[in-house]
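Here is the naming used below: chain letters follow the sequence lines, and residue numbers restart at 1 for every chain.
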Amino acid sequence: MIVSEPFRHDMLRAERLTLAVLLSGVASLALSDFVSPVYWLITVVIASLRWWRGPGFALSELQASMIGWLGFLWVGLELTMGRPWAVAFTDFMLILALAVAVEAATPRNHLHRLLTATFLVLAAAVLTDSFFLIIPLICWLWLMWRASVCLYSQGMHEYIEAPPLRHDLRLMLLLVAGTGLLFVLMPRFDHHSALTGVQPRMKTGGFSDQVEIGSFARKLDTRVAFRIEAVNMTPQRFRQLMMGRYWRGVTLSRYNGRSWQRLHVPVGQRWSIHQNVQLAAVQAGHDIHLVMYREASDHAYIFLPDGLASIRRMPFSGEINVQGDARFRQPPSRRLRLHMRLSQQRVGTLRLAPPVAEERSRRHIPPQLRQWLHQVLGEQAQPTLASLLRLQQRLKTWTYDLNAPIDDAHPIVSFLQLRRGHCELYATLLALAARELGFPARIVNGYYGGEWNERGQFLIVRQQQAHSWTEVWVKGHWVRLDATPPSRWQLSGVRFPQLDDIWESIRLSWYRYILEFQNDDRMNLYRQLVSWLKGMLPRLLLLLLAGAALWWGWLFWRQRHSAVRLHAQWRVVDRWLQQHQVQRQPWQPLRLLPAPAAIDAQRWQAWLQQWEAQRYDPAQRPWSRRELKQKLRELE
Amino acid sequence: MAYDPADLRLPPWLLRSLDVLVGLRLPLPAGWSLGMTRPGAVMLTSLLGVWAAAFYSGNNLLYLCGAMLVMIALGGLWQGFSVLRQCPDICAALPEWLEAGSPLVVRRATAGSGSITAKVQITGEGWQLQWWRGSAHAHVSGRLLAPQRGMLRTRRLRLSTAAPIGMWQLSHSISTSIDLPVLPRPVALPQQALAAVSSDPSRQLQDGDDFQELRGYVRGDAPARIHWRKAGGDSQQWRVKRFAQPEVRHVAESLTLDLRLPAHASMADFERLLGMAWYWLKSRWQQPLICKMIIGQQCFSPDDEDWPRSCLKALAEAQPQQQPPVARCGLLLTLVRE
């Protein structure tokens, strides 16, 4: 028996809804930096064509499955050609999305789309951490719900219409609120696996075992290296204490004329995963407890601020050497949150080993440097720290220039001639000068200072704050000397500081409350909520009273408005009745009146039923004046 | 279901496993029970997978996705509860009677339309109906079939639905009291008797609502009867309109059904007899006719408070009687016009 099912509009609605669910999945994965734009663009274009042309634009199930299989083979080929697994995986997911977007419109196709979209969203959860992910995620939540409701009603033999959109809005608010509550309440465990969110590692210069002079800090790079916020003090106090601190990165000791190299020195302390790292003792009440959000980068170094006392629960294992270089075993592939305690005093807390032979070496010191030293210091029998400070002061009078035309073959000679350059040149020149004067010296690459985000009340350190300074061994201690001219800190590559402040504070909130939310944060959130409620109690009471007053006012208005509308309705009806030779007294209901002249009695009765229904049935919306006139006209 | 996982061409063993899960019912307090559909079982399994991955990895975005999926599932559950709680009283939608062996297609509009689209399965004892709920309309539909005469009694109703997303199979068992008479197949009465009844002009009732006179107002009179045009400020002066009572001629039919079955008669004869009585009653169902029915030793008339339900119930429950003994050639069915 052939049963022809009539076309229903809800079928098309389900087709578009499941397509929209799929597109929200594609959009979420497209936010990942691992995704090739070509793949998601093709999928979006094909899905848009399907949306526009309807189910007529389709491939058979066999053809669509062939696309899926070809995609699988293609991705296998990509992997053999050395494409990263994450990129190949996203390619495959998007080819699969393409196949189910153009597959013939069948119930199975709807299911394919819902499942594929869910997998795309889950893959995006692992392969991206963008703040914008929240948009496709909420779209996915709503569309998934709507598509499920639509498919449920479509699957019935009798037609029942899907609920109106306005109903979904209220429900979505509840679902989002419930999602937030569940997200906060669910426990977190300390297992780390490949499913932990990953992000592409940011490429940096200057933080490796060998650094070419000039490869570091050649431009004002506004990418963020890390963000720091206070835990145990007010933001103002935190700003006062943290601005202008040095963040130590890599120590470079061997100089070969054009580049610096890091030495392989003994390890001072090792730590394993989730272990605390204790460097110095700090008195309670005189400490700063901060949280650092470190971006994923291509190096494994941890930047240690002045006065660092401890780091709590290291997320990965690593080590710190006797030169004060702390690093993980491997560059982490995701953003990290590090809890640090440091002294309010800006003192060095690292136990640094005495200099090694490489740090005394006078090789590769050009004769022009010796001449310059002679010019500045003259003939000195015994150079002292004061001599070094004098050199530092002299260098600070030179010009800071990121784009000085330095000769890469002889950078120091070139720098001495131009008297302009970037921080690495200043640090190198001072280190070589110190060595020439008989002081062991080296340079350290790290960060200095940072920008204070007024809106989010946190410190932000960008790549443009990457810095190089000199360490000189004087009387049994390493003394830090920074010869870079102060004009360097006036430079910034941020074009729109106000917008950047807003954007960065949103991003930090996203990291803090979503990406890095942990069990500790639940209690903190609870405490914050309680303290906020305590602070807000008078305002809340006031708000409650105002709300009650508004509610009462609204009820009063509605009652009055209803009476006014009813009166207006009667005026219209009475005028109409008079036109049809019927005089109604105010106490007479319409049902007791005879049918008006020239009006069919049956139609009059039907109209009366409608009138009474809108008048007395609370479930029905009363007619507006315009509707009433329209219905009276229809009666004629 | 439009998205039954069977559509995915899953292997039979997996579908069988799903069906085992689908067959499970979790009893809840107050007559509720919870199960799941096939898509629900698939979604629940996926949900467990997502949460396992989230717990294992500590990836908060997986936590977020898992929480969203849980909220979709909980939203479905909550709305399912709400649909079943809003299900209207089914008694009003049931027919007055059924005829044995004749299927009756029911389709009646009901209250309870709302924003949640739903299909609710209403299962009584030996019958089943569906309640369809849309945003603008709601109705009950289904097919009722009783194999034999008697009273179809239902003391517990089971309402179940998978609305609104087809994930959970939620059931609610409620106590009710539904007595639906199942009557015999109607058997036509002899034509002569019917002709005699239908041709009598005295069967037509007089209708009338004529104005008769005015009288003084007495406290408690209906406001609609007060002659407001002649009314003044003093209620002592008010006049009340009186109307003529319709003149009713008391013409009636009376059907007597003797339930004492002669020895030579079979149960089929008894059923046929009841069928004739039901035919007579049914043909006068909507007519403004005064009639009386005597079944065995029970007498039913329109003056009775429970007319005609009591009459239908007696017909449905009638059993052959032995006492007092019937005469050899007695009349089993008598139709009298008064």
Open item on the list: So for B:Gln130, is it side chain, backbone, both, or neither that comes closer than 4.5 Å to the heavy atoms of chain A?
Closed with: neither
TODO: Would you mind checking which part of B:Ala163 comes under 4.5 Å of any heavy atom in chain A, side chain (CB onward), backbone (N, CA, C, O), both or neither?
DONE: both
Open item on the list: Tell me which of these, A:Thr179, A:Val121, A:Leu122, has more heavy-atom pairs under 4.5 Å with chain B than the rest.
Closed with: A:Thr179
Open item on the list: Can you tell me which of A:Leu592, A:Leu171, A:Leu181 forms the most heavy-atom pairs within a distance under 4.5 Å of chain B?
Closed with: A:Leu171
Task: Min side-chain heavy-atom separation A:Asp33-A:Thr128 under 4.5 Å - done: no
- [ ] Quick one: closest heavy-atom pair of B:Thr37 and B:Ala162, and the distance?
- [x] CG2-CB, 4.0 Å
Open item on the list: Report which part of A:Glu516 has an atom under 4.5 Å of a heavy atom belonging to chain B: side chain, backbone, both, or neither.
Closed with: backbone
- [ ] Please flag which part of A:Trp510 lies under 4.5 Å from any non-hydrogen atom of chain B: side chain, backbone, both or neither.
- [x] side chain
TODO: May I ask you to establish whether A:Arg337 and A:Tyr511 are in a cation-pi arrangement, using a distance under 6.0 Å from NZ or CZ to the six-membered ring centre and at most 45° from the ring axis?
DONE: no
Open item on the list: Please tell me whether A:Phe517 and A:Phe183 form a close aromatic pair, meaning their ring centres lie under 6.0 Å apart.
Closed with: yes
TODO: Please report the closest heavy-atom contact between A:Thr18 and A:Ala147, naming both atoms and the distance.
DONE: CG2-CB, 4.3 Å
